[in-house]
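Notes for the one structure printed next.
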There are 2 protein chains.
Amino acid sequence: MTPSPRASTTPRKTVKKAAAAEAVVSDNGTAYLETLMGYNASRASQTMVSHFMRGVNQFDLRTVDFSVLSIMAHQPGVTSRQLCQLLNVLPPNMVVLLRDLDKRGLIERTPHPTDGRAMGLSLSTSGKALMKKAEKAASDADAQGTAHLTAAERKTLTRLLQKIYIR
Amino acid sequence: MTPSPRASTTPRKTVKKAAAAEAVVSDNGTAYLETLMGYNASRASQTMVSHFMRGVNQFDLRTVDFSVLSIMAHQPGVTSRQLCQLLNVLPPNMVVLLRDLDKRGLIERTPHPTDGRAMGLSLSTSGKALMKKAEKAASDADAQGTAHLTAAERKTLTRLLQKIYIR
DNA sequence: TATTGTTATACTCTATAACTATA
DNA sequence: TATAGTTATAGAGTATAACAATA
């Protein structure tokens with residue numbers, strides 16, 4: 001489907017690593033897959049996440065840990081359930097995630113002002129210190145992963161990606 | 001970091017599902033995360049993959065199965081090791097993946113013409129029939145997931161995503 | 001000596017069912 | 001009756017080490 005795998009505006013990178021491989025392979029069989037936005041988004045996500053991990057692994061945080069802590073930093077008092085909805089994580093898995101962050105002394109749980117069942121989540125002092133450095137590292141790594149894009153391209157890409165997932 | 005969470009070109013969707021939630025929450029704490037290309041790409045990937053799965057799950061194929069079969073369709077004779085490199089799958093995991101596809105009669109393994117260690121992989125007749133329908137379903141689902149983008153936006157987004165992951 | 005394919009296995013991530021305390 | 005948080009556990013996905021056969 002979608003017979004034109006590559007438009008004229010997307011000149012194929014002239015063969016490069018083919019030397020070590022099969023030499024004459026001009027198409028590696030992924031031409032159709034590259035017509036799918038899902039495939040392209042997944043591959044780009046993979047690339048950016050590996051950049052992220054290189055930059056942030058010194059803090060011993062997975063992407064989901066980082067996201068949880070970042071939301072706590074910018075929305076103190078957020079509940080576990082809200083984090084689950086925002087980040088598409090199931091409650092039982094959020095429990096162990098929060099337990100581990102708590103063990104490390106990075107977060108604080110205070111009684112929710114209006115809902116007796118819930119707990120308000122926020123960063124501890126050391127959590128704030130960690131995230132100040134971690135967000136800097138994440139932003140740097142992210143910028144590094146998109147360094148070959150122009151500022152206008154980055155802005156456009158961000159806008160279009162958000163158009164895909166924000167409803 | 002990166003204090004301007006949203007540019008003027010990206011008008012915030014007026015509050016909608018806030019009714020059921022906390023009502024007055026204008027920012028949910030994800031503003032910083034949304035400055036990261038990695039976060040945006042991951043979320044968009046999530047959305048597109050779920051579209052894919054809705055459209056393709058009738059064929060009992062995961063995204064990786066679909067990708068493997070698609071490459072076999074368009075590059076018959078491809079080896080297991082090449083699939084591993086193209087799709088970022090480790091060899092031991094590719095073995096069980098191929099074994100399952102083989103059990104279902106979707107693929108054929110023929111001796112590699114030049115390398116006695118490797119096997120050339122291709123689709124069986126039923127594999128071809130399946131993938132003809134599956135690729136149609138995948139393309140339809142993918143188009144559905146990007147239906148609210150203009151043709152120009154889809155083209156731009158595809159180009160920029162590939163610029164991220166194709167080196 | 002390096003590489004392909006493979007086995008076995010450990011580890012991590014994700015998902016489901018069921019319980020309690022409160023709304 | 002519904003929801004927030006939790007426990008226990010099953011299932012799926014990913015990773016490492018080691019081996020035989022061939023390059």
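Lettering of chains follows the sequences in order, A, B, ..., and the numbering in each one begins at 1.
Atom CG of N93(A) is separated from atom P of dA17(C) by 14 Å (rounded to the nearest Å). In this structure, L101(A) places its CG atom 15 Å from P of dG5(D), rounding to the nearest Å. The nearest whole Å value for the distance from the CG atom in L90(A) to the P atom in dG11(D) is 17 Å. A straight line from CG of L121(B) to C1' of dT4(C) spans 12 Å, rounded to a whole angstrom. What separates CG of N57(A) from P of dT12(C) is a distance of 15 Å, to the nearest Å. dT4(C) atom C1' lies 13 Å from atom CG of L98(B), rounded to whole Å. Atom CG in D100(B) sits roughly 15 Å away from atom C1' in dG11(D) (whole-Å rounding). Rounding to whole angstrom units, CG of residue L97(B) and P of dT4(C) are separated by 18 Å.
Clustering ILVMFWY residues whenever any of their side-chain heavy atoms sit less than 4.5 angstrom apart, transitively, puts M37(A) in a cluster other than the one holding Y39(A).
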Given salt bridge (charged side-chain N to carboxylate O under 4.0 Å, His left out), test R62(A) with D65(A) step by step and report yes or no. CA-CA 5 Å; R62(A) 299 166 303 165; D65(A) 300 317; 2.8 Å; yes
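Remark: I107(A) CD1 to R99(A) CZ distance equals 11.5 Å, nearest 0.5 Å. In this structure, CD in E153(B) is found 10.0 Å from OG1 in T146(B), a value given to the nearest 0.5 Å.
Regarding contacts with the backbone of dT7(C), a side-chain N or O of R99(B) is found under 4.0 angstrom from either OP1 or OP2. When the side-chain nitrogen and oxygen atoms of R109(A) are compared with OP1 and OP2 of dT6(D), one or more of them lie within a distance under 4.0 Å.
Picking from dG5(C), dA17(C), dC13(C) the nucleotide with the shortest atom distance to the side chain of P92(A) gives dA17(C). With dG5(D), dT16(D), dG13(D) as the candidates, the nucleotide lying closest to the side chain of V95(A) is dG5(D).
The base of dT3(D) sits within donor-acceptor range of the side chain of R117(A), with an N or O pair under 3.5 Å.
Position along DNA chain C of the nearest nucleotide to G116(A) versus R62(A) favours R62(A) as the more 5'-ward residue. Nearest-nucleotide mapping onto DNA chain D: of V96(A) and D115(A), the residue sitting toward the 5' end is D115(A).
Using bins of under 30°, 30° to 60° and over 60° for the plane-to-plane angle, the ring pair H74(A)/Y32(B) lands in the parallel bin.
Within 4.0 Å of M94(B), counting heavy atoms only, lies no atom of the nucleic acid at all.
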